[in-house]
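Since the structure comes first, as structure tokens, the remarks are kept for the end.
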Amino acid sequence: MNSFVTKLFAKRQASSAHSFAMPMSRIAGAIAFAMAALAFAPAHAQAQNATPVPSADDQADAQSAADLLTAPVSGAESQDLPNVAMSSQIVFQVLAAEVALQRGQPAPAFQTYLALARDTHDPRFAQRATEIAIAAQSPNDALTSAQLWQQFAPHSDRAAQLSASLLIVGGKPEDAKPTLERELAKVAPEQRGDAILSLQTLLARGPNRVGGLNVLKDLTQNDRDRPEAQLALARQQLIADDQPGAKASLEKALQLKPDYLPAALTLARMGPEERREGIASFEKYLDKNPKSHDARLALAQLYLSSDRLDDAQKQFEIMRKNDPKDLTPLMALALINTQKKQFDKARDFLDQYAKTAESTPGADPGQAYIYLAQLALEQKDEAAASQWLDKIPRTSQQYLPAQITRAQLLAKQGKVDDARALIGNLQSSDPRDLALLARTDSAILFEAHRYKEAEANLAKAVAAFPDDPDLVYDYAMAAEKTGHYDVMEAQLRSLMRTQPDNPQAYNALGYSLVDRNQRLDEAVKLIEKAVSLAPNDAFIMDSLGWARFRQGNAAEAEKILKNAYNLQPNAEIGAHLGEVQWKSGQQDQARATWRQAQKLEPDNDTLVKTLKRLQVNDL
């Protein structure tokens with residue numbers, strides 16, 4: 001399919017074999033420029049006449065890059081090549097540019113190729129200049145050369161696509177609209193819905209969210225009867241802070257396709273009221289369509305997001321009964337029982353999943369092996385955990401998660417440096433995997449109380465992957481541990497803007513303020529917002545109870561903390577509950593609470609500090 005919006009994420013190697021050139025793994029990767037610090041400042045001075053004599057290695061590298069002048073050009077792009085002889089002067093300029101690149105000087109190389117493109121009207125020089133600017137993280141220069149490339153190669157889809165992407169990165173989605181419209185028109189009708197969703201993903205990466213929404217509305221005027229178009233509009237409306245518009249678009253999508261899972265889940269994430277509406281809608285739909293797999297899966301996921309584990313479990317059990325070979329309910333039931341700490345049942349479901357996957361063509365039992373390893377670790381059976389991990393081959397999609405689990409096992413054994421070495425040796429070309437590896441490495445440091453190193457690593461990771469909410473959250477938590485509260489708050493505020501339905505962001509900032517006894521009124525509002533989003537989260541309840549204690553309401557604090565502790569026995573919650581009881585004159589009850597908390601986690605930082613501060617040594 002010759003479609004721009006579905007090619008945006010297709011992998012493609014750079015035309016030049018030179019090691020400096022950006023691999024251009026994704027056309028949409030250019031969007032990442034808007035998120036990263038731009039350290040490259042192009043030099044605009046003309047090259048001096050005196051040129052150093054290149055070494056033999058320089059000449060070989062430059063020759064390979066110069067091959068782009070004689071390489072065959074495929075398809076319609078060949079008609080755009082000018083009839084220009086490759087003179088010795090052109091060859092020398094290409095040689096000089098590639099030598100500059102080899103020596104880490106992209107600015108003069110970019111200027112040389114840009115000048116060659118203007119002088120010869122050869123689009124290959126403009127393409128090379130674009131690749132250099134992209135590698136140097138200079139989107140403005142990349143746009144200049146990409147537009148020149150498009151001008152000299154009007155039949156090149158690649159030039160048009162990259163120009164449009166860079167325009168969006170630069171906050172000019174309206175200027176990109178003609179190209180987007182032309183490329184969208186090439187999509188086959190049966191693939192147009194997915195293409196529109198891909199287009200929205202591209203527009204969302206640009207800084208001009210409202211402008212992107214206007215372009216999307218214009219481009220989908222004749223597609224409003226497609227649920228995918230309504231979902232795309234809703235996603236763009238959400239990031240453009242148009243909550244009412246997003247809700248209306250999602251409701252329209254569900255009218256068009258009542259069992260449309262992505263729309264239902266997006267609507268449910270907008271807030272508790274929308275989640276309740278979504279649950280009621282799917283319950284009603286399933287009464288009339290009890291065999292709908294997608295609707296039942298959607299309802300189960302909505303129950304899970306509302307912490308209604310028993311209701312979700314019932315839906316997955318029905319799915320399993322309807323189709324015993326369906327792997328989805330088996331894994332879901334295993335995880336639900338793990339959450340309920342019913343580990344024997346969880347293990348049974350995982351065993352069934354693994355056996356079914358082993359006999360199902362194309363299925364991967366690796367995910368079950370990983371969870372079985374984690375259950376073994378829960379029971380402190382490290383040998384069994386290692387055996388389960390050994391069953392996962394390199395060809396499995398779960399190989400990387402398995403190695404991460406193995407690294408965590410090493411860290412638990414106190415072999416922190418060995419664990420980090422294992423993580424450091426893992427490789428992937430997928431940015432999501434790279435972000436996960438960065439998180440894991442930092443988590444290992446965090447658990448080892450090496451907070452400064454964790455914070456430094458996470459700062460680099462967030463700069464590289466600014467759109468990863470988990471990295472942003474972890475960075476905030478590491479910054480809090482080092483006392484960099486301004487950094488922590490900035491990261492959490494950023495997370496609240498990009499994920500307004502993320503209860504952990506509100507809770508983390510609110511709890512930090514409460515724990516430091518600062519801005520209590522603001523802190524309570526943040527925690528209450530978190531409670532509204534996740535009313536049954538024990539740790540958020542703990543934050544609210546601790547806030548009430550700080551406000552002087554010990555009776556309400558004890559009630560909330562008892563509920564949290566009963567829901568999730570945890571050493572930190574126990575430390576808070578014990579302190580409230582201690583300060584309320586219930587010393588014996590406080591000691592009993594702390595003794596129980598010590599059994600759960602004797603080295604818990606909050607518990608240890610609480611007992612030391614209150615000078616309690618006779619538990």
Side-chain angles (χ1 to χ4, degrees), residues 268-269 271-272 275-276 279 300-316 332-346 374-375 378-379 473 477 501-512 514-515 523-524 526-551 553-584 586 589-607 610:
R269 285 194 291 266
R275 189 156 52 243
R276 286 191 293 270
I279 288 174
Q301 293 194 15
L302 290 175
Y303 281 147
L304 286 175
S305 65
S306 300
D307 293 324
R308 294 170 59 176
L309 293 184
D310 290 339
D311 291 327
Q313 182 169 337
K314 290 177 183 176
Q315 298 304 316
F316 286 119
L333 289 167
L335 296 179
I336 288 173
N337 280 282
T338 300
Q339 179 73 15
K340 292 181 174 181
K341 298 189 181 302
Q342 296 175 356
F343 298 127
D344 289 340
K345 289 183 178 179
Q374 291 174 347
L375 285 178
E378 187 74 23
Q379 297 179 323
Y473 181 84
M477 296 301 93
D501 60 342
N502 186 331
Q504 302 308 326
Y506 298 97
N507 179 60
L509 180 54
Y511 175 77
S512 178
V514 167
D515 202 46
V524 169
L526 288 166
I527 296 170
E528 288 175 341
K529 172 69 173 178
V531 169
S532 73
L533 293 169
N536 297 319
D537 187 304
F539 296 102
I540 294 176
M541 293 166 64
D542 171 61
S543 298
L544 183 60
W546 196 234
R548 294 291 185 242
F549 176 64
R550 291 291 197 189
Q551 289 179 316
N553 192 340
E556 186 181 355
E558 184 178 5
K559 181 180 178 181
I560 295 172
L561 289 168
K562 278 184 176 178
N563 289 336
Y565 194 60
N566 290 333
L567 185 64
Q568 180 71 55
N570 172 269
E572 183 167 347
I573 300 175
H576 290 153
L577 175 58
E579 180 163 352
V580 171
Q581 293 168 332
W582 183 270
K583 292 291 182 69
S584 301
Q586 306 173 59
Q589 185 59 52
R591 286 190 177 93
T593 300
W594 285 329
R595 279 195 296 269
Q596 188 179 17
Q598 275 189 331
K599 291 179 182 179
L600 293 170
E601 189 182 350
D603 298 326
N604 179 268
D605 190 51
T606 300
L607 179 59
T610 298

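Along the sequence shown, residues are numbered consecutively beginning with 1. If you're wondering where the values come from, they're calculated on a predicted model, not measured in any experiment.
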Run the side chain to side chain contact (heavy atoms under 4.5 Å, CB included) check on Leu304 and Phe316 step by step: do they pass? CA-CA 11 Å; Leu304 286 175; Phe316 286 119; 4.0 Å; yes

Let me confirm one number: the [atom1]-[atom2] distance from [X] to [Y], rounded to the nearest 0.5 Å.
X      : Y      : atom1 : atom2 : value
Ser543 : Asp537 : OG    : CG    : 8.5 Å
Gln313 : Gln339 : CD    : CD    : 12.0 Å
Arg550 : Trp546 : CZ    : CH2   : 5.5 Å
Leu526 : Asn507 : CG    : CG    : 9.5 Å
Thr606 : Ile573 : OG1   : CD1   : 10.5 Å
Met541 : Leu544 : CE    : CG    : 8.5 Å

Got a sec: does the NZ of Lys599 have more than 12 other heavy atoms crowding it under 6.0 Å?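 It does not: Lys599 NZ has 12 such atoms or fewer within range.
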
Report the C-alpha separation of Lys583 and Phe549 in whole Å, then their side-chain angles, then the decisive distance to 0.1 Å, and conclude whether the side chain to side chain contact (heavy atoms under 4.5 Å, CB included) test is met. CA-CA 10 Å; Lys583 292 291 182 69; Phe549 176 64; 3.8 Å; yes

Is the ring pair Tyr511/His576 parallel, tilted or perpendicular, if the boundaries are 30 and 60 degrees?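 If you compare the ring of Tyr511 with that of His576, the planes turn out tilted.
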
Would you tell me whether Arg595 and Gln598 have side-chain atoms, one donor and one acceptor, within less than 3.5 Å of each other?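 Note: Arg595 and Gln598 side chains miss the donor-acceptor criterion.
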
What are the two closest non-hydrogen atoms of [X] and [Y], and how far apart are they?
X      : Y      : result
Ser532 : Pro272 : O-CG, 2.9 Å
Ile540 : Val531 : CG2-CG2, 3.5 Å
Ala346 : Ala334 : CB-O, 3.4 Å
Arg275 : Ala268 : NH1-O, 3.4 Å
Tyr473 : Gln504 : CE1-O, 3.6 Å
Ala508 : Met477 : CB-CE, 3.6 Å

Only pairs under 3.5 Å count here: list side-chain donor-acceptor contacts from residues 561-568, not counting sequence neighbours, and write none if there are none.
unit_1	atom_1	unit_2	atom_2	d
Lys562	NZ	Glu558	OE2	3.4
Asn563	ND2	Lys559	O	3.4
Asn566	ND2	Lys562	O	3.2

As a quick check of understanding, evaluate side chain to side chain contact (heavy atoms under 4.5 Å, CB included) for Asp310 and Lys340, giving each step before the final call. CA-CA 10 Å; Asp310 290 339; Lys340 292 181 174 181; 2.5 Å; yes

Side chain to side chain contact (heavy atoms under 4.5 Å, CB included) between Gln374 and Thr338: does it pass, once the steps are laid out? CA-CA 10 Å; Gln374 291 174 347; Thr338 300; over 6 Å; no

Measure the shortest side-chain to side-chain distance between Thr610 and Trp594 over non-hydrogen atoms and say whether it is less than 4.5 angstrom.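 Yes. Closest side-chain heavy atoms under 4.5 Å.
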
